[in-house]
Amino acid sequence: MDSDLSDADSVGDLSFEAESPLAPPAELLERLPSCDWLLQGDRRQIFFPPLEAPGRPQEQRCWSPFLEHGVPVVTEEVAREALLNFVNSKCCYGSAAATDLIIQELRQQTLCRYRLETFSESRISEWTFQPFTNHSVDGPQRGTSPRLWDIEVQVPPMFQEDTRKFQVPHSSLVKECHRCHGRGRYRCSGCHGASTVRCPSCSGAKRKAKPARRCPMCSGSGRQRCSTCSGRGNKTCATCKGEKKLLHFIQLVIVWKNSLFEFVSEHQLDCPGELLAKAKGETLFKDENTMVYPIIDFPLREISLASQRAIAEHNATLASRARVLQQRQTIELVPLTEVRYSYRGKTSVYYLYGTDHRVHVVDYPERGRCTNRVDGFWLLQEVEATLLAFGGSSPGKQGIQQCLGTCTQ
């Protein structure tokens with residue numbers, strides 16, 4: 001709203017833009033009749049969820065049917081084919097070594113990967129505001145604000161994180177804008193309300209000394225229109241958008257989060273653990289419910305201990321600040337194979353991991369300079385030189401690398 005100011009709000013009466021906080025002071029907002037539980041500390045509070053009854057009792061499981069599942073044995077043909085597919089996907093890897101290398105030994109292990117997912121909901125309240133545009137106000141006169149956990153909302157699909165914000169019913173208050181003090185504008189700090197500033201070319205002298213002539217930038221006036229306020233002498237308040245008043249209300253912020261715990265059983269092969277955590281496995285066991293119980297009798301003791309530790313950690317972390325909506329724990333079988341081979345008198349290894357036979361190469365013998373990347377880098381250097389010759393900007397080393405992409409294992 002950039003209309004003319006009234007006599008009461010003349011430019012001379014407007015103050016400069018203050019270094020005031022974006023949020024109003026706490027004493028400005030009185031406590032709502034039914035919501036004294038909303039405002040504590042810095043007007044932002046995490047609300048504890050209502051206690052829920054425990055779920056089903058713990059069951060004794062028989063693991064014999066589960067352990068009968070196995071993963072296919074990796075043969076030399078499978079190992080070589082997986083390596084060839086990996087090499088062919090890399091522009092700087094030669095395929096001759098993958099074809100001619102001699103496989104000496106295959107060491108295969110089946111690992112167990114335990115995962116616990118806990119999908120929880122937390123609710124936070126905070127004061128917020130927006131410009132008041134003379135619409136209806138849903139204040140305490142219309143009723144009592146519900147408690148935050150009594151507000152019904154649509155929950156997203158389980159284990160999919162999301163954040164949503166809602167206005168708490170009957171919590172709205174209309175107040176004078178705390179930044180412009182209800183004027184809708186403030187005096188421009190660039191020209192001090194004069195609408196013009198000293199000419200930067202002649203410094204207000206109106207003439208240029210060398211050669212002696214009238215200043216062409218200000219046409220000899222010594223002043224120019226203020227660019228900060230476009231010559232108006234004042235600026236519209238950015239907080240209330242010129243409306244002079246703000247609508248304050250309590251905002252409910254709901255966060256749905258999926259907490260994850262992962263554990264991979266020990267193994268004697270030298271394959272990076274982060275690869276095994278992401279590897280595709282075969283599901284051996286799955287348990288999903290509002291609350292899951294620790295696995296205590298799995299044949300591999302470290303899996304049972306991981307399950308007990310994971311559930312204890314999630315319960316301790318979430319019990320006081322969130323409501324658990326769903327838990328899911330799984331045990332997966334992840335195959336891992338070390339392929340020891342020789343090529344041109346040198347011995348090395350590579351690894352196959354996951355049911356889809358992903359490959360991790362330790363030291364591939366035919367990894368050379370990528371011709372495509374070298375030619376592309378040379379071409380971009382030529383483009384860069386041309387741009388600079390015609391006054392353009394250089395993309396720089398980082399820009400060139402982004403254009404070429406990366407070539408990694």
Least distance between heavy atoms, [X] atom then [Y] atom:
X: Arg80; Y: Thr99; result: NH1-O, 3.1 Å
X: Asn289; Y: Val292; result: N-CG1, 3.9 Å
X: Arg123; Y: Val153; result: NH2-CG2, 3.7 Å
X: Phe263; Y: Arg309; result: CD1-NH2, 4.1 Å
X: Ala279; Y: Arg113; result: O-NH1, 2.6 Å

Less than 4.5 Å apart, side chain to side chain, heavy atoms only: is that true for [X] and [Y]?
X: Gln329; Y: Ser307; value: yes
X: Gln326; Y: Phe159; value: yes
X: Leu247; Y: Pro131; value: no
X: Gln224; Y: Pro200; value: yes
X: Glu117; Y: Thr330; value: no
X: Cys271; Y: Leu276; value: yes
X: Phe129; Y: Phe249; value: no

Inset, instruction - Please lay out, stage by stage, how Arg187 and Asn234 fare under the test side-chain hydrogen bond (donor to acceptor under 3.5 Å, both in side chains). - result: CA-CA 4 Å; Arg187 187 164 47 167; Asn234 57 83; over 6 Å; no

Say you draw a straight line from [atom1] of [X] to [atom2] of [Y]; how long is it, rounded to the nearest 0.5 Å?
X: Ser259; Y: Leu318; atom1: OG; atom2: CG; answer: 5.0 Å
X: Lys241; Y: Thr133; atom1: NZ; atom2: OG1; answer: 13.0 Å
X: Ser145; Y: Gln167; atom1: OG; atom2: CD; answer: 9.5 Å
X: Arg321; Y: Ser120; atom1: CZ; atom2: OG; answer: 6.5 Å
X: Leu336; Y: Arg107; atom1: CG; atom2: CZ; answer: 9.5 Å

Legend entry - Full working for side-chain hydrogen bond (donor to acceptor under 3.5 Å, both in side chains) between Thr347 and Tyr341: CA-CA 6 Å; Thr347 301; Tyr341 68 91; over 6 Å; no

Inset, instruction - Verify whether the ring centers belonging to Phe298 and Phe285 lie closer than 6.0 Å. - result: no

Inset, instruction - Step through the shown structure and confirm whether more than 12 heavy atoms of other residues, nucleotides or ligands are within 6.0 Å of CZ on Arg198. - result: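 Check fails, neighbour count at 12 or below.
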
Inset, instruction - Please report the C-alpha distance between Thr118 and Gln327 in whole Å, then the side-chain angles of each, then the deciding distance to 0.1 Å, and finally whether the side-chain hydrogen bond (donor to acceptor under 3.5 Å, both in side chains) criterion is met. - result: CA-CA 5 Å; Thr118 301; Gln327 285 187 312; 3.1 Å; yes

Legend entry - NZ/NE/NH1/NH2 to OD/OE distance under 4.0 Å, Arg115 and Glu332: yes

Legend entry - Lys/Arg N to Asp/Glu carboxylate O, Lys257 vs Glu161, below 4.0 Å: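 Salt bridge: no.
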
Legend entry - Geometric cation-pi criterion, Arg328 with Phe119: 6.0 Å, 45°: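 Cation-pi check for Arg328 and Phe119: fails.
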
Inset, instruction - Could you walk me through whether Tyr114 and Glu262 pass the side-chain hydrogen bond (donor to acceptor under 3.5 Å, both in side chains) test, one step at a time? - result: CA-CA 6 Å; Tyr114 172 82; Glu262 287 186 321; over 6 Å; no

